[in-house]
Every structure is written in structure tokens, then in C-alpha cells.
Visitor: 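My questions will all concern the structure given below.
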Amino acid sequence: MNETEYIRDTPAKIGKGQGAVLMLQGTASDVGKSIVTTALCRIFLQDGYRTAPYKSQNMALNSYVTLDGKEIGRAQGVQAEACGIAATTDMNPILIKPIKDMHSQIVIHGVPEMQMSAMDYRTEFLPKAKGIVLDALDRLREKYDIVVMEGAGSPAEINLKDRDIVNMNLAGWADSPVILVADIDRGGVFASIVGTLELLEPHEAARVRGFIINKFRGDLALLKPGLDWLEERTGIPVLGVLPYIQDMRIEAEDSVVLDELQYQRQEKRDLDIVVIRYPRISNFTDFDALRWEQDVVVRFVQSVDELGTPDVIILPGTKDTIGDLGFIRDRGLAEAILRLTQTRDVQLVGICGGYQMLGERLSDPHAVEGSAREAAGLGLLPMRTAFSKQKKTVRVRGELSQDHPLQFVLSDAKAHSAIGAYEIHMGVTERSTEPGGSEHRKLFSIEADSADSLEAGEDIQAHPEGLATADGRIWGCYLHGLFDNDAFRRSWLNGIRVNKGLDAICETFQAEERKLAEYDRVADIVRNHVDMEKIYEIIGCTHRKP
């Protein structure tokens, strides 16, 4: 298939009675497309429209597990929540999870199908991908009134445009209008907008129906002459200027957000929790709820100098467990962490890949995560992990084991022990039989909470999950989203407080309620700063004011 055929071949058949589409594209990565998409999803829901998000191809390590136990990009899971609906793989039919050395795991409709180099993906897979993404979009449009489509990166990447399935080619196939989002906080906003338009083909530029300028911190009156010039220069309206939203509490997908968290000034609080930020960190949003607690500071660190003397050190998930274990060893972090756990009253917690690191040995005979085939773990828990070709993705529910060693302050331990979480991992971890293993305790008893997993017979019976030292100071598990369980989170933090001689705190927040409230807050900001009447006109829908 040559480039012209790929771009201009006949679009897939679009069914009758399909919902409207609107596409958000950006002048670059990290300009705020995902947040604006989330806000518009929420606004359309508030205005009475059945709404769904859609991103044909996503590249992310921070993923989301659907109710049927499939894996998609976290942004589309979040956007589905903002729409008040359950996420499905149609909302992100292709997920790319980078491994290293220009290779990625390719997840199609929630299931890992292959590993490919960037070049092989482009030459061998992309020509076949059009049917996958359009079939998924077609199903969404049959079910929903409005589908809000999110692009990726920039539509003006000249080296990638000929086989694009996520920006302007997709907009053409779906006959979708496009709103271009630009980030003024990084500077050069007018050049980035005009430059993007100049690099588009005339038929592509004609799809751009408006601009949204994001992350503005200044006096709008000073910006007005530039907005007037931009509209006159391009003939395209500026639909709104969004302010820089402080203390955003919508889960982020791209780890670039950690740069801001890492360097922002941290106020002094009672509990200091450090999360190790290795190169392939994944599902870092596991710790958002901890950041929102009134007595907790969460710091993402990459060096020994940043480590300090925390109350808790967390080894988070990773897409390359052996590689990132090598990273913390090379940086001296492993040695420093071990020293702190031996000389100070510090808890060390491992989640998913971080849990695997706490064991004695890791083996990857099929190279499913990286090039290294075997490595010694930190040797802190009596267990070994082998990586298999099949990924486990499942939502789970359960409770604390009766003999768990974690220190808790609970008024009713039994009533507050229930948890819900999810697993995403290639590794299979087994407890070793070496002497001393009996001194370690199981943490949770869980079972599948996914309809498809239950039908398939996966983990129907309750089974143990996680392992801890007898004193509870070193522990880990595979459970992503563990700290989103309000009673567990607050009780665990209170145990640390009491151990430090501090009083327990009774009040906490409901993570799910706060998440929904944040969708409403950000939607209100966007609604108040953009021309929603014009946006509804662009997509051909009536503006139903709430």
C-alpha cells in the first residue's frame, strides 16, 4: 500500500444513526488534550448527552483495567468515569506500552498480542490497524450521542503523517471537526498554532474549527491583541483561554507530570512518603490518594540525595522490573534503601514490579519485559518471580488476612478490612521454601471481581495475595489501586502515626467522591472559559444548558 492510498482510500462503512464526533488535537504532547477531553466529556454528560471518549492508539505505561479484565490507557478509563459509564476497549483499541531499546508491547483490545520495534510497528502493523480503530469507533457511535476523540502528540509530525491512525487521517475517516489545543505556559503559543496549520495539508487544516489555549497564568487583556491577530491570520476562532488549574486532582497518564511534583515545594507534614521514580515507572497514580491526605507528603525521587529520612519508601510498578532494579542499584538507591530499613523505623512497600524486586530472584526467560534474562532481587521477602508470556489483568476484591502484621488503628477491623483493586502483571510470584519463610505473613485474601475472569474460571476461589515480614515493616503485593480504599488507606497511615507517637486521625475523604467532584470542578472551569455554544455548533448538536 503506498502513502497516497493509505491516506485517501475509501473510509470504512459508517452505520446509520451514529453519534456526533469531535476531535481534540494538540500542537505538541502534554499540552492538556487529555484534561480538556475529560472536561468536555463531563460537560456533555451534564448537558444530557450520552457521551464516550475515544483514542484510537495510545502510548502509555499508566494503564487501566476494564470491568471485563482488559487493559486500556488510563486517560480513557478516567474519561469514561467522567462520562458516567464503564470503560471498554473500544475506547482505546490499541495501546502501546514501551519496554526499551525502541521495542514496545502492543495491546489490542485489552490483550497483549506482540512485541515490536518502532519500525516494524510502522511498516508491518499500521497498515492493518485502520479496520481495528474504525470498527471500535463505529461501535461507540452507534451507542452514544457524542464521541469525544483525542489525538496524540502533534498532527504535524511530518515523518509520521503518512501512516497516521490517531490524528488527521482518523479525523478524515470519521469526518470529524477538530479543535486544536495549545499550551501557552511553555511559550511560543502563536508560533506553535500557526506552524502546526502551515504543516498540515489544506484538507487537514480545513478540519480545524477552533483553538483552545491552555494553561494561561496572566492578564487576559494583555493576551487579547495576540488572540485578535491569530483569528485574523488564520480565519479560525479562539474558542477559549483556559487558566492554569492549580492542584489538579484528575489522574494523569503521562509520567511527565511527575516532573512538576518532583520539583514543586513540599510543605512540612507529619508523614513523609517517598516513591522511587525509576525510568519505566507505571501506574504512579496508585499514590494519588495518599497525596491528598492532610498529613502526608508524597515525594517522587530518583537519587540518594533526594531520599532523606522518610517514614515510608515505596517501590512502585514498572514495565521493566529487572531493568529498573538495575537502575536503583546503579544509582546507589538500593543500598541506601536497605540501610534505612536496617537502621531506622522505615516501612518499605512494593507494589507489583516493586513487590517483585523485594524477592530473592527474578527470571525472564522469554524476554517479555526487557533484554535481561535474570537478576537477583533485594532478598527481603522469601519469594521468586518468573515472567510469562501471558499477562494477568483482572479486577479483584477481598480483605485483609486475619494474621496480617500491618499495624492498624481501626474501630472495627472486620468491617473496615474489605478492599477492591486490580492486577496488571506478566510475572508469576511463588513463595520460596528456604528456612525462615515461615516468619513471613500473608497480607490479603482476594478473588476475581471481573465478570469475564469469573466466567473463565480464573481465581474464582479466594486465594492469598501479598507477603510481609513478621513485624510488618517490609511488605508488598500485586494490588494496584490499594490506597484508593479509604478505610485501608487511613488506617494504614494511622498505624504509622501511632508508631511515631502521633495521635490517629479519624477524618479522611472518600476517594471516589473526590474524583467525581474534581471532574465537576474542572468541567466548570472549562465551561466558564470556552464558548460552549460555538462548540455545540461545530459538532452539530443543540446546546442543552444544565
Visitor: So N494 and I505, do their side chains get closer than 4.5 Å, heavy atoms only?
Guide: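 SC-SC contact between I505 and N494 confirmed.
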Visitor: Mark yes or no for whether R280, through its side chain, and I99, through its backbone, hold a donor-acceptor pair below 3.5 Å.
Guide: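 Flag set: sc R280 to bb I99 pair under 3.5 Å.
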Visitor: Please walk me through it: do T89 and V107 pass side-chain contact (heavy atoms from CB on, under 4.5 Å)?
Guide: CA-CA 10 Å; T89 62; V107 181; over 6 Å; no
Visitor: Spell out, as yes or no, whether a donor-acceptor pair under 3.5 Å connects the side chain of N62 to the backbone of N283.
Guide: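 Between the backbone of N283 and the side chain of N62 there is a qualifying donor-acceptor contact (under 3.5 Å).
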Visitor: Using every non-hydrogen atom in the two residues, find where M91 and A80 come nearest and quote the distance to one decimal.
Guide: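 Reported closest heavy-atom pair: SD-CB, 3.8 Å.
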Visitor: Would you say R42's side chain and V522's backbone share a donor-acceptor pair under 3.5 angstrom?
Guide: no
Visitor: Does a side-chain heavy-atom distance below 4.5 Å link H109 with P93?
Guide: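 Side-chain contact under 4.5 Å: yes.
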Visitor: Hey, is the main chain of P316 close enough, under 3.5 Å, to the side chain of Y278 for a donor-acceptor pair?
Guide: yes
Visitor: For the residue pair Y536 and D47, confirm or rule out a side-chain donor-acceptor distance under 3.5 Å.
Guide: yes
Visitor: Are F408 and F488 close enough, and set up right, to give a ring pair (Phe, Tyr, Trp, His ring centres under 6.0 Å), and what steps lead you there?
Guide: CA-CA 9 Å; F408 278 74; F488 174 88; 5.6 Å; yes
Visitor: Could you tell me whether the side chains of D471 and T469 share a donor-acceptor contact shorter than 3.5 Å?
Guide: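 Note: D471 and T469 side chains meet the donor-acceptor criterion.
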Visitor: Closest heavy-atom contact between I273 and I314?
Guide: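 Reported closest heavy-atom pair: CG2-CD1, 3.8 Å.
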Visitor: Could you please spell out the steps behind the salt bridge (charged side-chain N to carboxylate O under 4.0 Å, His left out) verdict for D524 and R521?
Guide: CA-CA 5 Å; D524 287 346; R521 180 178 82 96; over 6 Å; no
Visitor: Do NZ/NE/NH1/NH2 and the carboxylate oxygens of R473 and D345 come within less than 4.0 Å?
Guide: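 Yes, R473 and D345 are salt-bridged.
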Visitor: Do M532 and L40 touch side chain to side chain, with heavy atoms closer than 4.5 Å?
Guide: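 M532 vs L40: side chains touch.
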Visitor: Counting distance only, does the side-chain N/O of T318 pair as donor-acceptor with the main-chain N or O of D320 below 3.5 Å?
Guide: yes
Visitor: Is a donor on one side and an acceptor on the other found under 3.5 Å between the side chain of N485 and the backbone of L482?
Guide: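 Yes, N485 side chain to L482 backbone: donor-acceptor pair under 3.5 Å.
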Visitor: For residues Q347 and W492, is any side-chain donor paired with an opposing acceptor at under 3.5 Å?
Guide: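 Indeed, the side chains of Q347 and W492 share at least one donor-acceptor pair under 3.5 Å.
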Visitor: Any salt bridge linking E507 with R490? Criterion: basic side-chain nitrogen under 4.0 Å from a carboxylate oxygen.
Guide: no
Visitor: Examine distances only and state if a side-chain atom of K534 and a backbone atom of G210 form a donor-acceptor pair shorter than 3.5 Å.
Guide: no
Visitor: Evaluate the criterion salt bridge (charged side-chain N to carboxylate O under 4.0 Å, His left out) for residue pair K392 and E423; output intermediate values, then yes/no.
Guide: CA-CA 7 Å; K392 183 174 184 178; E423 298 182 44; 3.6 Å; yes
Visitor: Can a side-chain donor-acceptor contact be found between D520 and Q46 if the only test is distance below 3.5 angstrom?
Guide: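 Q46 vs D520: donor-acceptor pair found between side chains.
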Visitor: Do T88 and D90 pair up side chain to side chain, a donor and an acceptor below 3.5 Å, judged on atom types alone?
Guide: no
Visitor: For Q79 and T37: C-alpha separation, side-chain torsions, deciding distance, then whether side-chain hydrogen bond (donor to acceptor under 3.5 Å, both in side chains) applies.
Guide: CA-CA 7 Å; Q79 290 159 3; T37 298; 4.6 Å; no
Visitor: Please say whether the positively charged group of R277, taken as NZ for Lys or CZ for Arg, lies over the ring of F300, i.e. under 6.0 angstrom from the six-membered ring centre and within 45 degrees of the axis.
Guide: no
Visitor: Any side-chain to backbone donor/acceptor pair from D486 onto A511? Under 3.5 Å, distance only.
Guide: yes
Visitor: Is there a donor-acceptor contact under 3.5 Å linking the side chains of Y519 and E81?
Guide: yes
Visitor: Could you give the distance from OG (S63) to CG (N92), rounded to the nearest 0.5 Å?
Guide: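 One gets 10.0 Å once the value is rounded to the nearest 0.5 Å.
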Visitor: R50 side chain to K143 main-chain N or O, any donor-acceptor pair under 3.5 Å?
Guide: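 A pair under 3.5 Å: yes.
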Visitor: Could you tell me whether the side chain of E335 and the main chain of G332 form a donor-acceptor pair under 3.5 Å?
Guide: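 Side chain of E335 to backbone of G332, a donor-acceptor pair under 3.5 Å: no, none is there.
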Visitor: Testing the 3.5 Å rule here: is there a donor-acceptor pair between the side chains of K391 and Q105?
Guide: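 A pair is found: one side chain offers a donor N or O, the other an acceptor, under 3.5 Å apart.
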Visitor: Could you tell me whether the side chains of T385 and T429 share a donor-acceptor contact shorter than 3.5 Å?
Guide: yes
Visitor: Compare all side-chain heavy atoms of I446 with those of H463 and state whether any distance is below 4.5 angstrom.
Guide: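 Yes; the side chains approach each other to less than 4.5 Å.
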Visitor: Go through F509 and R489 one step at a time and tell me if the side-chain contact (heavy atoms from CB on, under 4.5 Å) criterion holds.
Guide: CA-CA 10 Å; F509 56 88; R489 179 186 67 250; 3.5 Å; yes
Visitor: Does NZ belonging to K215 count more than 12 external heavy atoms closer than 6.0 Å?
Guide: yes
Visitor: Can a side-chain donor-acceptor contact be found between T393 and E71 if the only test is distance below 3.5 angstrom?
Guide: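 Short answer, no.
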